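Notes for the one structure printed next.
Note that this is a predicted model, so its numbers are computed, not measured.
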Amino acid sequence: MAVLAGTGIRKRFGGVEALRGVDISIEEGEVVGLMGDNGAGKSTLMKVLCGAVRPDGGTFTMNGGPVQLRSPRDATAHGIAVVYQDLALVDQRDVATNVFLGREPRRGLVVDRGRMRREARSVLDELSIRIASVRLPVGGLSGGQRQCIAIARAVHQGGRVVLLDEPTAALGPEQQANVLKLITRLKERGTAVIVVSHNVDHVLAVCDRVVVMRAGQVQGVRDARSTNAATIVGLILGDIAADTVVHTEVAS
Amino acid sequence: MTTTIDIATTRDAAPSPLRKLFGAHEFGVLSATLLIFLFCTVFVPNFLTSDNLISVAQQIAFIGIIGTGMTLLVIAGEIDLSVGSQYGFLSVMTAYTLTEMVLPVWLATVLVVGFGALIGLVQGLITTVAKVPSFVVTLAGLAILRGAALLVTDGVPMSGPPNPGFHDLVSGNAIGSLAAQTIWMAAVMLLFGWVLSRTKFGYDVYATGGNMKAATNAGIRAVRVKVLCFALTGALCGLAGVILVGWLGSANPLTGNGFELSVIAAVVVGGASLAGGVGSIVGTLLGALVAGLIGNALVLLGVEGNWQQVATGVLILTAVLINRFIASRQSALR
Ligand SMILES: Nc1ncnc2c1ncn2[C@@H]1O[C@H](COP(=O)(O)OP(=O)(O)O)[C@@H](O)[C@H]1O
Ligand SMILES: [Mg+2]
């Protein structure tokens, strides 16, 4: 059963129909790659799934039961964690605080800073993220390090579904490899991951399933093991006609 | 296992106290405080007497109390230009509830502080819900509340009740010859210094002002955080009003005219950024102290009172420039 599924999701921004009836679902421990040209609606779909954007239409279920995703709080409460394409860190605050943002461990009324630093460090180590000290303000770190901290937060706070919007876009090769390794590790932990990426090789390497969007609709869904880069690129460019069997394929 | 923990603790160990001091946002204002103090000690006659220092501590009490609320508000990314008018209006309200309505002091205090919180709540809601910049909302508040204070009193000071117990509580000699106002300021600053730097609410205030979108996405109720900071600032204006009326035994409707300038000066001089996300209560205390010391020195040197305004303005500019310099040096260090 799908840990998270959305059906018939629609979203319009003024004259732009960003999502025109999108169906998406993901299983426990599954990695879904979300691909598509710029403006296809990938980021909007991710924002809808994490409660940051209210859709105009569509229904959601988690483990078969209907859920409302009206706000990021709702989504977080349901175990959906997100890493935004436009990073969402508080530059003035240190690494540890950003890893725990909004969920600081407490001892009574007081934030347990010692525990926060220790746990932040162990999360960073687990993900092979190299940062000199968790006391550094994140504003002074490199783009790659900042992306990694954002992912570390999603991992640390995330429950069952982690959404990554172009997590490797701003990274050097080594850190890209770290992120891909990290996605695999999440999968092993039984976490469901939806990852937006423009890199077909990355997607085919770590994903179980590839969902290709085009102009606000799902153009095609492919099993990553039985497809190839040419097919995916064809779907992205619209050279390969849209599937009519999307629903059955997702359901099976 | 132990080795990893050891490595982790050394990597993330606190920097040495000296490094921490030089890197702190408050380093500029701390140096300024010390420099001014030294200068005054050497060049200003009668400066270094306990009576004079105690009176400086007494004079900055109101800036310190209201500045505490303003610090939280500025860190949360907002500003309140109406604090001077709130302070004046709530002073008048204190005198009114005590002399006209003849309420007991505790009840008058609860009403005034509560009404201050309500003023803050309304301004906070207009700012966050109607999305009008707080600069504009509280500029309107500045005019409305000053007008209200003048209307209620017909423009003449309203006398408070002759109540020696009340007077002692808010302005008597508390510890040794330290004035009670100073103790009230210390209590307020200690409490909210702790709230800001240690509690979840304090963390939320920094996150909200640092990056409201990130805070909201992380599940922090940023709007509520901001509104609470407005309400707190209003409540502290009420507290300051009650203390003032108890001290002077009367309320002048012009109380706090232009006071927002001194309060914002203390907060900014103390290292807070008007862009939000940066600042501290210790900084604000030092900022108030710098302003208090300069004012005191000018008086002792017999300089005309209007120069104090000029000095405050120069102080704000200098502080902002120094803070900018420190910020760029910090990023260069990394
Ligand atoms: N907040 C917004 N306001 C107006 N239009 C938007 C907004 N967000 C996205 N869009 C539009 O919706 C479409 C899909 O955008 P997006 O989801 O960001 O695409 P992708 O991430 O696939 O590149 C684009 O045409 C974009 O301009
Ligand atoms: Mg996008």
### Task
Can you see which heavy atom on A:V90 is nearest to which on B:A214, and at what distance?
CG2-CB, 4.3 Å
### Message
Are more than 12 heavy atoms, taken from residues, nucleotides or ligands other than A:R185, located less than 6.0 Å from that residue's CZ atom?
### Response
yes
### Query
For residues 95-138 of chain A, which residue pairs qualify under ring pair (Phe, Tyr, Trp, His ring centres under 6.0 Å), counting only residues two or more places apart or in two chains?
A:F100-A:H156
### With A:K187 via side chain to side chain contact (heavy atoms under 4.5 Å, CB included) - residues at least two apart
A:V31, A:D208
### Query
For chain A, which residues of residues 189-200 of chain B have at least one non-hydrogen atom nearer than 4.5 Å to it?
B:W194, B:S197, B:R198, B:T199, B:K200
### Query
Within a radius of less than 6.0 Å around CD of A:E17, do more than 12 heavy atoms belonging to other residues, nucleotides or ligands occur?
yes
### B:Y203 six-ring centre to A:R93 NZ/CZ under 6.0 Å and within 45° of normal
yes
### Query
Would one find more than 12 heavy atoms of other residues, nucleotides or ligands at under 6.0 Å from atom CZ of A:R12?
yes
### Message
Looking at every non-hydrogen atom in both residues, tell me the closest pair between A:R135 and B:P15 and how far apart they are.
### Response
CD-CD, 4.0 Å
### Message
Within residues 230-240 of chain B, which residues come under 4.5 Å of chain A, heavy atom to heavy atom?
### Response
none
### Message
At a 4.5 Å cut-off on heavy atoms, which part of B:T216 comes close to chain A: side chain, backbone, both, or neither?
### Response
backbone
### Basic-acidic side-chain contact under 4.0 Å: A:R121, B:D12
yes
### Query
What distance do B:I220 atom CD1 and A:R103 atom CZ have between them, rounded to the nearest 0.5 Å?
11.0 Å
### Task
Find the one option among A:G114, A:G108, A:A132 whose heavy-atom pairs under 4.5 Å with chain B are most numerous.
A:A132
### Task
Any chance you could measure A:L109, atom CG, to B:F201, atom CZ, to the nearest 0.5 Å?
13.0 Å
